[in-house]
Amino acid sequence: MCLISLIIFLVLFPDIIFSAPGISSHYTNTGFHTRLEYVIDSDPTKPTHCLFVWHRLPPYLYIEPDELYQLNATIVGFINIEASASQSHPFAYCFLLYNSSKIPFRSTRKFSINIHSRYLDPKSDQNQQYETLYLPEPVIHFTEKPCPYLGSGCPAPLSETGIESPRELTVTIAVGQENHLSFVFPLTCLFPLIGCSLLFIFSGKNRT
């Protein structure tokens with residue numbers, strides 16, 4: 001049955017197999033911060049004229065907007081880096097890696113992104129000190145035809161043009177405890193007051 005399904009897939013969808021670029025990736029996780037690096041090599045058996053990336057992130061993850069602007073990415077949604085996971089919304093971004101109407105994709109392309117985890121709401125369960133969350137990876141798309149001019153945007157992320165990572169990345173982050181709020185919240189308010197008071201005192205001494 002599996003062999004028959006494979007034969008049907010190869011017959012009906014040959015472009016998906018033979019025109020797909022080769023992709024290698026590496027990731028480094030340091031708690032709240034994950035770095036993803038990708039290297040895309042061409043497939044000489046069939047030319048690719050358009051190569052682009054779509055990436056959708058859930059509310060508990062974000063990327064610095066300045067980093068996305070360096071990739072010339074189009075952001076779909078709003079990114080507030082200061083908000084917690086419960087106060088945020090999903091967003092997506094996309095950017096072109098290669099586009100040419102005459103010369104097919106031949107040289108290697110590389111890109112990297114830094115994904116940050118947001119703070120989660122405190123938990124009432126004292127035994128739950130960590131939470132493991134799914135980290136979706138970018139989907140790299142390719143087409144035989146050149147990308148259409150869309151101004152600031154990317155072609156539609158069609159499933160038949162996308163290469164998804166076969167692995168499932170997760171991040172494990174610490175979560176706060178509700179019974180600690182009575183202690184943490186006053187300290188959070190106290191430290192800015194102390195800092196402002198010291199700044200006021202030292203700025204007054206410098207003037208005298």
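None of these values were measured; they are calculated from a predicted model.
- With hydrogens and angles left out, the side-chain atoms of Thr143 and Thr161 include no donor and acceptor closer than 3.5 Å.
- Of the inter-residue distances, the one linking Asn72 atom CG with Tyr93 atom OH reads 13.5 Å to the nearest 0.5 angstrom.
- Within a 6.0 Å sphere centred on OH of Tyr69, other residues, nucleotides and ligands contribute 12 heavy atoms or fewer.
- Taking all atoms of both residues into account, the shortest heavy-atom contact from Ala85 to Pro59 is O-CB, 3.7 Å.
- Ring geometry for Tyr38 against Phe111 counts as parallel: the plane angle stays under 30°, on a 0 to 90° scale with 60° as the upper cut.
- Across all non-hydrogen atoms, the minimal contact from Asn99 to Cys147 is OD1-N, 2.7 Å.
- Side-chain contact between Cys50 and Pro155: present, with at least one pair of heavy atoms (C-beta onward) separated by less than 4.5 Å.
- Side chains of Glu67 and Asn114: a donor on one and an acceptor on the other come within 3.5 Å.
- Minimum interatomic distance between Phe105 and Pro21 (heavy atoms only, all atoms of both residues): CE2-CB, 4.3 Å.
- Residue-environment remark: CD1 (Ile23) exceeds the threshold of 12 foreign heavy atoms within 6.0 Å.
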> Does the pair His55 and Ile115 meet the rule for a side chain to side chain contact (heavy atoms under 4.5 Å, CB included), with working shown?
Replying inline: CA-CA 11 Å; His55 194 193; Ile115 302 178; 3.8 Å; yes

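- From Leu57, atom CG reaches atom CZ of Arg118 across 9.5 Å, with rounding to the nearest 0.5 Å.
- Taking OG1 of Thr170 as the start and CG of Leu135 as the end, the distance is 8.0 Å to the nearest 0.5 Å.
- Taking 4.5 Å as the limit, every side-chain heavy atom of Thr34 sits out of range of all side-chain heavy atoms of Ser117.
- Between the side chain of Tyr119 and the backbone N or O of Tyr60, no donor-acceptor pair lies under 3.5 Å.
- In this structure, the side chains of Arg56 and Pro157 come closer than 4.5 Å at one or more pairs of heavy atoms.
- Hydrophobic cluster membership is shared by Leu71 and Val53, with clusters built from Ile, Leu, Val, Met, Phe, Trp and Tyr side chains linked at under 4.5 angstrom.
- Cluster annotation: Leu169 is not connected to Val39 through the hydrophobic network of ILVMFWY side chains, with a link wherever side-chain heavy atoms come within less than 4.5 Å.
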> What's the verdict on side chain to side chain contact (heavy atoms under 4.5 Å, CB included) for Thr108 and Ile40, showing C-alpha distance, side-chain angles and the deciding distance?
Replying inline: CA-CA 6 Å; Thr108 299; Ile40 303 99; 6.0 Å; no

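- Under the 4.5 Å side-chain criterion, counting only non-hydrogen atoms from C-beta, Val175 is not in contact with Pro122.
- Under the 3.5 Å distance criterion, with hydrogens and angles disregarded, no donor-acceptor pair is assigned to the side chains of His116 and Tyr62.
- For the atom pair CD1 of Ile79 and CG of Asp66, the computed distance is 10.0 Å after rounding to the nearest 0.5 Å.
- A donor-acceptor contact under 3.5 angstrom links the side chains of Arg167 and Ser25, judged on distance only.
- Between His141 and Leu51, every side-chain heavy-atom pair lies at or beyond the 4.5 Å cut-off.
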> For Ser84 and Asp121, what are the C-alpha separation, side-chain angles and deciding distance, and is it a side chain to side chain contact (heavy atoms under 4.5 Å, CB included)?
Replying inline: CA-CA 7 Å; Ser84 63; Asp121 288 343; 4.2 Å; yes

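- The hydrophobic cluster containing Ile63 also contains Ile173, counting ILVMFWY residues as joined when their side-chain heavy atoms lie under 4.5 angstrom apart, directly or transitively.
- Here the straight-line distance linking atom OG1 of Thr74 with atom CG of Leu68 works out to 10.0 Å at 0.5 Å rounding.
- In this structure, the side chain of His49 engages the main chain of Ser100 through a donor-acceptor pair within 3.5 Å.
- Pairing each heavy atom of Val139 with each of Gly162, the nearest pair is CG1-CA, 3.9 Å.
- No side-chain donor-acceptor contact under 3.5 Å links Ser112 and Glu37.
- With values rounded to the nearest 0.5 angstrom, Leu36 atom CG is found 5.5 Å from Glu137 atom CD.
- Closest approach of Pro136 to Tyr134, counting heavy atoms only: CD-O, 3.5 Å.
- Judged by distance alone, with hydrogens and angles left aside, the side-chain atoms of Trp54 form no donor-acceptor pair with the main-chain N or O of Phe95 at under 3.5 Å.
- In plain terms, the two heavy atoms of Phe52 and Leu96 that are nearest each other are CB-CD2, 3.6 Å.
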